[in-house]
Amino acid sequence: MNTYATVVLAAGKGTRMRSTLPKVLHPLTGMPLLAHVLNAVEALPAAVAFAPYVATTATHRPIVVLGYAAEQVEASFGQRCLYALQQEPLGTGHAVLAAQHIVNKLDPLPQTVLVCYGDTPLIRSEILASVLVKHITRQATITFLTAHTESPGDFGRVVRNHTGRVQEIVEMKRATEEQKSIGEVNSGVYCFDRAWLWSALEALPRNATGEYYLTDLVGIASSQGREIATVSGTLEETIGINDRVQLAAAEHILRRRILEGHMYAGVTIIDPAATYIDVDVKIGTDTVILPGTMITGKTSIGSACRIGPGTTIEQSTIGDGCIIRNSALEEATLEDGVRMGPFSHCRPGTYLARNVRMGNFGEVKNSYVGAETDMHHFSYLGDATVGEHVNIGAGTITVNYDGVRKNRTIIGDGASIGSDTMLIAPVTIGEHARTGAGAVVKKDVPPGAVVVGVPARVLRMPQSEEDSTVEDSKKE
Ligand code: UD1
Ligand code: CA
């Protein structure tokens, strides 16, 4: 039986981010950096490369080493991880040692400790699995991930001797000019033999910069003649986020991956360079996304929709066959066949039922709008419950705020609200009632009645059953 435990280092403040937010909580495609790393770690057992070992390997919840703003990070991830505290940021070697007491208490006790960094969000489970598999098959003391690049930047350089054997990792700060030109760099993913790891870390000297570098263990293992294996990956996957320029570069790569995922799954994206979709968004087949569109949070969009151009959708649920142009939605729910825009705004708590048409310059907040209802031109519905087959005339406003409270407006099925009506809430408009253009409605309107004027008064009451069920002609 193989057993491994994963230690994710996330204690650094991330000074180069110049932020009060701890580095690992900075969002990338709508999810904190650390969550990306944890996703990869948790998916490792399901990786294709790991398939031959999965039945004979036990794993544990990831252990995250925290320091700066530890409580804030812990609050974001809760029970998902185990946590170790690094009291002082004395380097990556010191950080791993902070997890020793937790690793040693795990049952079954892991033979292998997989270490990765909380600031490398592009890492994938497949490459983590490759490192672990190589480590197991080689029975190495250390196996680590490297990448080849022409611009090695501030990555640690992998120094090999003339036979190709790894000798050490030299950090950029301490590298000679010759070593700086080495094109093979340390990606920051390692597997260690647990027993050796603790003894080596305990003996690790502080280096000239006052830190304990995890990377120095490679030189130590090499001088002891131990087996050191490497896996070569792509640089793209192991970009470490140290500053906001690198954050933007990672965002670019990850967004591209997300968009490609949707395109392969049957979504048309007219211009990927001008489309921004968060990692948790779901989109159905044959939906077309037009340029200038940003879809964020846990949004779900049905199939055969047309979204954009110039549309922002945040944390919303959209049914099949919806058309949304140049509009903004936040925490809204749209059933199938809704048509929206151009230039409409659904604020939190909006629910538009089947085939609602919400036209130019409309705003809806905290309201239910029933099926087949039309609201074509510059209207505001706030705190309203609107029935089916209602016509909201141009410029209708629910006057929902009396300066103290937000009040509700109720509009019954089949009602017809004349242009420029002010509905002074709380107020109820009965089914199939009508208001005249410019009416200021302060009192409830009975079903089927017609009201006009300022303040609105009853012009006509329904004479019979028939009268109250007259279909209102819809305006376009
Ligand atoms: C590190 C590696 C470098 C590698 C690069 C890959 C070392 C010494 N260097 O450099 O070889 O090429 O990653 O991305 O390991 N951390 C702690 N406690 C500390 C210091 C750091 O938990 O005391 C955490 C940080 O929060 C971060 C991670 O360890 O998530 C890496 O630290 P960082 O300072 O970013 O290392 P790099 O300079 O990028
Ligand atoms: Ca880093």
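Note: hydrogens, waters and symmetry copies are ignored here, and every other heavy atom, side chains too, is used. Counting starts at 1 for both ligands and their atoms, following the listed order.
In this structure, Tyr368 and Tyr351 have parallel ring planes: the angle between them is below the 30° cut-off, well short of the 60° mark.
Under a 4.0 Å criterion applied to the non-hydrogen atoms of Tyr213, ligand 1 contributes the atoms 8 (C). Of all atoms in ligand 1, listed by their number and element, those nearer than 4.0 Å to a heavy atom of Ala95 are 17 (C), 18 (N), 22 (O). Within ligand 1, the atoms closer than 4.0 Å to a non-hydrogen atom of Gly118 are 30 (O), numbered from 1 in the order shown. Interface of Pro89 with ligand 1, defined as ligand atoms under 4.0 Å from a residue heavy atom, comprises 23 (O). Close approach to Leu90 involves these atoms of ligand 1, each under 4.0 Å from a residue heavy atom: 23 (O). Counting the atoms of ligand 1 from 1 in the order shown, those under 4.0 Å from a heavy atom of Lys23 are 35 (O). Every atom of ligand 1 with a heavy atom of Gly156 under 4.0 Å away is listed here by number and element: 3 (C), 4 (C), 11 (O), 12 (O).
Side-chain atoms of Thr350 do not come within 3.5 Å of backbone N or O of Pro348 as any donor-acceptor pair.
Atoms CD and CG, from Glu184 and Leu235 in turn, are 11.5 Å apart once rounded to the nearest 0.5 Å. The distance from the OH atom of Tyr213 to the CD1 atom of Ile169 is 12.0 Å, given to the nearest 0.5 Å. Remark: Ile295 CD1 to Ile301 CD1 distance equals 4.0 Å, nearest 0.5 Å. Remark: Asn360 CG to Met340 CE distance equals 11.5 Å, nearest 0.5 Å. Considering CG of Leu329 and CG of Leu352, their distance stands at 8.0 Å, rounded to 0.5 Å. Summarising the geometry, atom CD1 belonging to Ile313 is positioned 11.5 Å from atom CD belonging to Glu330; distances are rounded to the nearest 0.5 Å.
Residue-level proximity to ligand 1 for Asn242 is carried by the side chain, the only part with a heavy atom below 4.0 angstrom. Contact annotation for His94 and ligand 1: no heavy atom of the residue comes within less than 4.0 Å of the ligand.
Residue, atom and distance of the protein heavy atom nearest to atom 4 (C) of ligand 1 are Asn186 O, 3.3 Å. Summary of contacts: the protein heavy atom closest to atom 7 (C) of ligand 1 is Thr92 OG1, 3.5 Å. When hydrogens are left out, the protein atom nearest atom 30 (O) of ligand 1 is Leu9 O, 3.0 Å; that is the closest non-hydrogen contact. Here the protein heavy atom with the shortest distance to atom 26 (O) of ligand 1 is Gly12 N, 2.9 Å. For atom 34 (O) of ligand 1, the nearest non-hydrogen atom of the protein is Arg16 NH2, 3.9 Å. Protein heavy atom closest to atom 13 (O) of ligand 1, with residue, atom name and distance, is Tyr117 CE1, 3.1 Å.
In terms of N/O distances under 3.5 Å, ligand 1 is approached by Gln86. For ligand 1, the polar-atom distance check finds an N/O of Ala11 within less than 3.5 Å of one of the ligand's N/O atoms. For ligand 1, the polar-atom distance check against Glu171 finds a nitrogen or oxygen pair separated by under 3.5 Å. Remark: ligand 1 and Gly240 share no N or O pair separated by less than 3.5 Å (distance only, no angle test). For ligand 1, the polar-atom distance check against Asp119 finds a nitrogen or oxygen pair separated by under 3.5 Å. For the pair Phe155 and ligand 1, the shortest N or O to N or O distance does not fall below 3.5 Å. Checked by distance only, ligand 1 and Gly91 come closer than 3.5 Å through their nitrogen or oxygen atoms. Checking only distances, Glu88 never comes within under 3.5 Å of ligand 1, N or O to N or O.
The closest approach between a heavy atom of Thr215 and any atom of ligand 1 is below 4.0 Å. Ala10 counts as a contact of ligand 1, since one of its heavy atoms falls under 4.0 Å from the ligand.
Under 3.0 Å from the Ca ion (ligand 2), one finds the following protein N/O/S atoms: Asp119 OD2, Asn242 OD1.
Distances from atom 36 (O) of ligand 1 to the protein include no heavy-atom value under 4.0 Å.
When only modelled atom types and interatomic distance are considered, Thr209 and Asn207 share a side-chain donor-acceptor pair under 3.5 Å. Looking only at atom types and distance, the side chain of Thr230 has a donor-acceptor partner in the side chain of Arg160 under 3.5 Å away. In the model, Ser222 has no side-chain atom that pairs as donor or acceptor with a side-chain atom of Glu168 under 3.5 Å.
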### Stepwise side-chain contact (heavy atoms from CB on, under 4.5 Å) check, Leu381 with Met358
CA-CA 11 Å; Leu381 295 178; Met358 179 176 170; over 6 Å; no
### Query
Should Met17 and Leu247 be marked as a side-chain contact (heavy atoms from CB on, under 4.5 Å) after you check the CA-CA gap, both sets of side-chain angles, and the distance that decides it?
CA-CA 9 Å; Met17 294 296 281; Leu247 184 68; 4.1 Å; yes
### Full working for side-chain contact (heavy atoms from CB on, under 4.5 Å) between Arg157 and Met172
CA-CA 7 Å; Arg157 310 297 203 263; Met172 173 63 182; 3.7 Å; yes
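The only option from Thr6, Leu106, Leu9 that meets the side-chain contact (heavy atoms from CB on, under 4.5 Å) definition with Ile63 turns out to be Leu106.
Taking the side chain as every heavy atom from C-beta outward, Asn407 and Asp402 approach each other to under 4.5 Å.
Looking at Lys180 and Glu177, a side-chain N of the basic residue comes within less than 4.0 Å of a carboxylate O on the acidic one, giving a salt bridge. With salt bridges taken as basic N to acidic carboxylate O contacts below 4.0 Å, one links Lys23 and Asp119.
When the shell of 6.0 Å around NE2 of His252 is examined, it contains 12 or fewer heavy atoms from other residues, nucleotides or ligands.
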